[in-house]
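Reading through the structure tokens given below for one structure.
For reference, positions follow the sequence shown, starting with 1.
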Amino acid sequence: QIIQHGIRIKLAGHQKLESKNEKFSATTPYGNISLENLYVNGEAISPAVDNQGDLIIPVTMQKSGMGALASLVRLQTENNILIQPHAQSSSNLLLAMLFGGGGYTYDAGWGTAVGLDGSVFVTGETRSPDFYPEMTGDVVYNGNRDGFAIKINPDGNVEYVTYIGGSGSEGGFAIQVNNLGEAYIAGITGSTNFPLSMDAISASPTASYLLKLSAGGDRLLYSSYIGNSATFLVSMDIDSDENIYMLSRASTQGTVYKLHPGNSSYDYTYSLGRGRWVSIAVDSNGHAYFTGRTLTSPYDVLAASISDTGSPVYSLSFGGGSFDSGFGVAVDSGGFAYITGGTDSTNFPVVGTPITPDGVVQDVFVTILDPAGAIQYSSYLELTGREYGQAIAVDSQGSIYVIGVDTESVDFPSTSGAVWDWEGEGGSSTDVFVVKLTPTVLRESYQISYATQVGGTDWDYTYSTIGTVDDSGNV
């Protein structure tokens, strides 16, 4: 055994173990392990046993000339010893594009999705009659304000851009894609002549719509009004059976609609109750998860889950003594909900090993709820002093991606190899950021793998509350 700075590493099956001049080495029947200049920092961490029966010991180490590294010491059941380093990785810019009309018009993207082939889909709203030079499908600007849909293939080429709407005002707020590359879009409408399909669940004008576009974006496969005059669709998800789950945020209420397009009735409608509900995520069993915030002081984070039949699983609020709000929610294969947002509280719940120390003012938070709604993990993600998490995603390895807005970006702590780093270069006061968190112990301890800004020298925001990460870890 070696005990150093409060962390114990215990190896089994070794023949000889040495620690001299901060050099750690172990002799085993399968070869030697040597780590030079190893400095273990922090408090004692209990090892965990994974589903293969291997003992996993997370450590934090400082290698000479490098930053902090998160590593896993894996003691396998057959006495092999593997060191699995998770060093800070760099973020590479794969694609950057601008869309919009000429002159002083308003164009904004509100939602993104990614197809099985890596194609990127975007929806939003525009007031530009010249939004894109080569439109597909609905090629004519309908007036006042239109929604839009964009598809960009994995090579970075635009496959289609189409307007969405009638003679009133429209906006696309959420987009999802099925396995065939057909996009579903949900949003708001003020048109009494919104284009509808014959199998629409409602032909009577309401304040929101759901539509489905062909893979080429040139045909309307489904379109319907949704809800009633108070329905305001802000977020949406889709399951493997192509059931659509839509979240409406009215002035004081949240309502969920589950619909299989083509059916004459909703599978269910469910009231989440009072609150500013903003984001939805659905797991492989059809359970839906939500986040938002309360409407009265001290403004806590809201979280809820309902079953595939629309029965309540849990509903709760949490926070500190000041303003706390949930913006983005994601769910992993185990039914654990991941929530991010912003907190002004110095006593926000901290469970597990903190990513960063307690925040000072308007910090990002990351909270994980178990399938019953209990807090499994919760931490501040303090970056520069004033930022919030807008969207969150989790990949199959348990890494967490937080996308948000930093309003003091000249001091942003970008990691090595960051896409943008405005520190000392006259950047704006507001930029988008992306942070990847790698687990040292799943749902118990995380370290920053990379942190980067995204933006230019003016103000830049991200609006989508759904984080989109593909199988390769591209955001």
Side-chain angles (χ1 to χ4, degrees), residues 108 110-111 113 123-125 142 144-149 164-176 183-197 199-213 220 222-239 242-282 288-295 302 304-306 309-310 312 315 326-327 329 463-466:
W110 287 98
T123 192
E125 60 182 284
N142 298 288
N144 200 5
R145 183 178 64 190
D146 274 0
F148 66 79
I164 297 170
S167 58
S169 296
E170 273 78 34
F173 280 82
I175 188 167
Q176 294 291 345
Y184 284 92
I185 299 165
I188 59 171
T189 177
S191 298
T192 57
N193 62 339
F194 191 87
L196 303 175
S197 58
D199 55 351
I201 192 171
S202 175
S204 300
T206 65
S208 288
Y209 68 85
L210 171 70
L211 63 79
K212 177 182 181 182
L213 292 175
L220 198 62
Y222 179 84
S223 183
S224 179
Y225 289 110
I226 298 296
N228 53 51
S229 59
T231 302
F232 190 98
L233 295 182
V234 293
S235 190
M236 173 182 63
D237 208 346
I238 184 174
D239 66 21
E242 220 159 311
N243 296 304
I244 309 299
Y245 303 75
M246 296 164 283
L247 172 62
S248 168
R249 183 190 73 215
S251 58
T252 61
Q253 299 284 330
T255 304
V256 188
Y257 299 88
K258 179 181 178 181
L259 171 67
H260 189 85
N263 289 354
S264 58
S265 61
Y266 297 104
D267 287 21
Y268 65 72
T269 61
Y270 181 87
S271 175
L272 293 169
R274 286 178 56 83
R276 185 177 175 86
W277 299 92
V278 295
S279 187
I280 182 175
V282 176
Y289 304 80
F290 311 88
T291 193
R293 67 165 172 82
T294 58
L295 298 174
L302 285 173
S305 174
I306 60 178
T309 58
S315 181
F327 289 119
V329 62
Y463 293 121
S464 177
T465 59
I466 296 179

[Y] and [X], any side-chain heavy atoms less than 4.5 Å apart:
{"X": "I280", "Y": "Y289", "result": "no"}
{"X": "Y184", "Y": "P261", "result": "yes"}
{"X": "Y209", "Y": "S224", "result": "no"}
{"X": "Q253", "Y": "L272", "result": "no"}
{"X": "L213", "Y": "I185", "result": "yes"}
{"X": "I164", "Y": "D146", "result": "no"}
{"X": "V256", "Y": "M246", "result": "no"}
{"X": "R249", "Y": "L247", "result": "no"}

Please assess Y222 against L210 for the test side chain to side chain contact (heavy atoms under 4.5 Å, CB included), listing each intermediate value before the final yes or no. CA-CA 8 Å; Y222 179 84; L210 171 70; 4.1 Å; yes
Assess, by modelled atom type and distance only, whether the side chains of N193 and S167 contain a donor and an acceptor separated by less than 3.5 Å. yes
Any side-chain donor-acceptor pair under 3.5 Å between Y245 and D239? yes
Atom [atom1] of [X] and atom [atom2] of [Y]: how far apart are they, to the nearest 0.5 Å?
{"X": "K212", "Y": "E242", "atom1": "NZ", "atom2": "CD", "answer": "4.0 Å"}
{"X": "E125", "Y": "E170", "atom1": "CD", "atom2": "CD", "answer": "10.5 Å"}
{"X": "L259", "Y": "Y268", "atom1": "CG", "atom2": "OH", "answer": "11.5 Å"}
{"X": "I244", "Y": "H260", "atom1": "CD1", "atom2": "NE2", "answer": "8.5 Å"}
{"X": "D237", "Y": "I466", "atom1": "CG", "atom2": "CD1", "answer": "5.5 Å"}
{"X": "M236", "Y": "S279", "atom1": "CE", "atom2": "OG", "answer": "12.0 Å"}

Short side-chain to backbone donor-acceptor contact, [X] and [Y], under 3.5 Å:
{"X": "T123", "Y": "F148", "result": "yes"}
{"X": "N228", "Y": "A230", "result": "yes"}
{"X": "Y225", "Y": "F194", "result": "yes"}
{"X": "Y463", "Y": "F173", "result": "no"}
{"X": "S202", "Y": "I226", "result": "no"}
{"X": "S191", "Y": "G168", "result": "yes"}

Which atom names give the shortest non-hydrogen contact between [X] and [Y], and what distance separates them?
{"X": "A207", "Y": "S229", "result": "CB-O, 3.4 Å"}
{"X": "L233", "Y": "G187", "result": "CB-O, 4.0 Å"}
{"X": "G166", "Y": "P195", "result": "N-CD, 4.4 Å"}
{"X": "L302", "Y": "R293", "result": "CD1-O, 3.1 Å"}
{"X": "W110", "Y": "G124", "result": "CD1-CA, 3.6 Å"}
{"X": "T465", "Y": "V278", "result": "OG1-O, 3.4 Å"}

Sequence-distant partners of R276, salt bridge (charged side-chain N to carboxylate O under 4.0 Å, His left out), two or more places apart: none
Taking side chain to side chain donor-acceptor pair (under 3.5 Å) as the criterion, tell me which of T269, D267, T231 meets it with Y257. T231
Between W277 and F290, how do the two ring planes meet: parallel, tilted or perpendicular, split at 30° and 60°? perpendicular
